[in-house]
Amino acid sequence: MSSGSPCWSDRPHHPDDDRRLLRVILAVPVVLLTVVSAFLLWLAIKTRPDGQ
């Protein structure tokens with residue numbers, strides 16, 4: 001890398017970068033919890049009181 005070329009760390013920090021990363025990090029547990037709750041809802045609908 002030549003001394004005249006800009007490096008990615010030389011660019012100014014933009015607050016939207018943090019928000020985008022936070023959205024991705026928070027999206028993972030939200031999606032997983034949604035899948036689990038959808039399964040439990042399906043299970044509750046399909047299960048009959050007499051166990052059949």
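When each of V30, V35, V28 is checked for a side-chain contact (heavy atoms from CB on, under 4.5 Å) with L32, only V28 meets the rule.
Under a hydrophobic clustering in which Ile, Leu, Val, Met, Phe, Trp and Tyr are joined whenever their side-chain heavy atoms come within less than 4.5 Å, directly or via other members, V36 and F39 fall into the same cluster.
Here the CG-OG1 distance, from L41 to T34, works out to 12.0 Å after rounding to the nearest 0.5 Å. Taking CG of L33 as the start and CG of L40 as the end, the distance is 10.5 Å to the nearest 0.5 Å.
Remark: side-chain polar atoms of T47 are not paired, donor with acceptor, to backbone N or O of A44 under 3.5 angstrom.
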